[in-house]
Amino acid sequence: MRTASRRTFWQIWRLPLALGLASAAGLAAALIGDGAWDAASWALLGLPAAVCGLGCWPSKSTACVGDKGPDGYKRE
Amino acid sequence: MSARSTFKVWYGVHQWTSLVCTLFMLLLCLTGLPLIFAEEIDLALGRNIAAPQRPDDQRQADVDAIVADALARRPGDTVQFLVGDAEEPALWSVRLGKTAASSDVSAFYLYDARNGEFLHAVPLDSGFINLMFRLHYDLFAGLPGSLLLGAMGLLLLASLVSGTVLYHYHMAKLPFGSVRRAGSSRLRWLDLHNLLGIATLVWLAMVGLTGVVNTVAEPIFQRWQDTELAAMLAPYQGQAPVNGQGRAGAALAAALRAAPDMALSFMAFPGNEFAGPRQFVAFLQGNTPLTSQLLTPVVIDAATSEVLAKRELPAYVKALLLSKPLHFGNYGGLPLKCLWLVLDLIAIAVLVSGVYLWLALRRWRLPAVAGAAA
């Protein structure tokens, strides 16, 4: 069985960090202004929702990556 | 401590904080769904109404005539508040009670702000949205119910922190967004739980934190009333009371002259717990998206319509007021409410998958624990 290589801290966290910053900016934008600020808020807060949608989309592309499961858990 | 035992500690924290609060959080997420659209639902059910279309858009109705009409509809009652809405300048509302000082409401009437016509009596303490709100706000148990939900919110925040740490272990060898579909459905749900949780983490934390802040709203307002507002009204304590009838229009005009860039949020009538014995207190809101969430109290003499005092709210009350829109999601139009709905549904998916994983991983984890002990 192929063992995937360990990922660095930056590799693990860059996208969650980007989504977090987008969410925070989206939450703030609609509070700061109307019109374009509201639209920016919808777009930014839409990003985490869209990522969740993609993750739930049936696809085989991400199957079998790191098959051994995460550290700390062990498959039967 | 080895990486493995660190993992186990965080796993334990995540498991137990989540287990305790999950049922409450499911209740909050489910009752929160209709509450996002409370205004729209109340309008659709006819429990509330929108201002009728009229050619003239000037807010020119005589406020004192509106107050007199409201009193005539409930002889013996007293007007407690005149309520405005910067978003809906074509409406005035009048709140009545058995007495001015009572915190109980006997009627809530809507009037057309352009011609003073009576429009609607809002039904009190009943209906679908009220049921959802009470389940969401205090479980029909008053302040103790609110505080219990606040404590559950703190557990949720601890669960989010520990879940974020576990995400780091989970993703040690996986690229972002991995949802492994080969193998068991437990693995798929574990991946989905991690992905949905981390993607919505900031929103979940913000709604959780502002929810906790809102559970202490009443004690915070009470503290402000007992200290700052009491100090503003201290010079007038013991004066012979008046009821403010026929004086509301002049008082409102004086308050708005003293703060030209502001609009009325609500005005407490003399004798009310938010006003003096012979003084109105108008709570004005700003005219920008941010300042419209905040309030500035203005004390007005009922007899002379003189503005006696005006001061900003302290930072802790401002923080409380700003935490409300960030919890409700009602500050960026219908699209923002729809996003709140989607994110709430994702939160439900995180909760349900968490329960499923707890049940499934109990069996799944045993060999690993046994292996570590060997």
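Below, read A as the first sequence line, B as the second, and so on, with proteins coming before strands; counting in each chain starts at 1. Here the structure is a predicted model, which is why all the values come from computation and not from measurement. All heavy atoms count here, side chains included; hydrogens, waters and symmetry mates do not.
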Taking all non-hydrogen atoms of both residues, which atom of [X] and which atom of [Y] are closest, and how far apart?
| X | Y | value |
| --- | --- | --- |
| Arg7(A) | Met171(B) | CD-O, 3.6 Å |
| Leu322(B) | Leu31(A) | CD2-CD2, 4.4 Å |
| Leu195(B) | Gly55(A) | CD2-CA, 3.5 Å |

Q) What part of Pro325(B) lies closer than 4.5 angstrom to a heavy atom of chain A: side chain, backbone, both or neither? A)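 Looking at Pro325(B), just its side chain touches chain A.
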Q.
Less than 4.5 Å to any heavy atom of chain A: does that hold for the side chain of Ile346(B), its backbone, both, or neither?
A.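 Just the side chain, heavy atoms under 4.5 Å.
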If you look only at distance, which donor and acceptor atoms sit under 3.5 Å apart when one is on a side chain in residues 40-48 of chain A and the other is two or more places apart or in another chain?
from, atom 1, to, atom 2, distance (Å)
Ser41(A), OG, Gly26(A), O, 2.9
Trp42(A), NE1, Asp38(A), O, 3.4
Trp42(A), NE1, Gly332(B), O, 2.8

Q.
Between Trp37(A) and chain B, with a heavy-atom cut-off of 4.5 Å, which part of the residue counts as in contact: side chain, backbone, both or neither?
A.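 Neither part, no heavy atoms under 4.5 Å.
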Q: Could you check whether the rings of His168(B) and Phe9(A) sit parallel, tilted or perpendicular, using 30° and 60° as the cut-offs?
A: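 His168(B) and Phe9(A): tilted rings.
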(Q) Looking only at heavy atoms and a cut-off of under 4.5 Å, which of Asp34(A), Leu21(A), Leu54(A) has the most pairs with chain B? (A)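 Between Asp34(A), Leu21(A), Leu54(A), the count favours Asp34(A).
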Q | Tyr167(B) (side chain) donor-acceptor with Pro16(A) (main chain) under 3.5 angstrom | A |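 No: the side chain of Tyr167(B) does not pair with the backbone of Pro16(A).
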Q) Which members of residues 284-292 of chain B, sorted by number, sit under 4.5 angstrom from chain A on a heavy-atom basis? A)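 Residues in range: Pro289(B), Leu290(B).
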**Q.** Interface residues of residues 201-210 of chain B facing chain A - non-hydrogen atoms under 4.5 Å apart
**A.**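 Within residues 201-210 of chain B, the residues that come under 4.5 Å of chain A (heavy atoms only) are Val202(B), Trp203(B), Met206(B).
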Q) Could you walk me through whether Tyr331(B) and Leu27(A) pass the side chain to side chain contact (heavy atoms under 4.5 Å, CB included) check? A) CA-CA 10 Å; Tyr331(B) 62 106; Leu27(A) 286 167; 3.7 Å; yes
Q. Which residues pass the salt bridge (charged side-chain N to carboxylate O under 4.0 Å, His left out) test with Lys318(B), sequence neighbours left out?
A.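 By the salt bridge (charged side-chain N to carboxylate O under 4.0 Å, His left out) rule, Lys318(B) matches Glu312(B).
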Q. Cys56(A) versus Leu196(B): any side-chain heavy-atom pair under 4.5 Å?
A.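 Sidechains of Leu196(B) and Cys56(A): in contact.
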Q. Checking side chain to side chain contact (heavy atoms under 4.5 Å, CB included) for the pair Phe176(B)/Arg14(A): CA distance, chi angles, key distance, verdict?
A. CA-CA 9 Å; Phe176(B) 178 84; Arg14(A) 58 191 171 184; over 6 Å; no
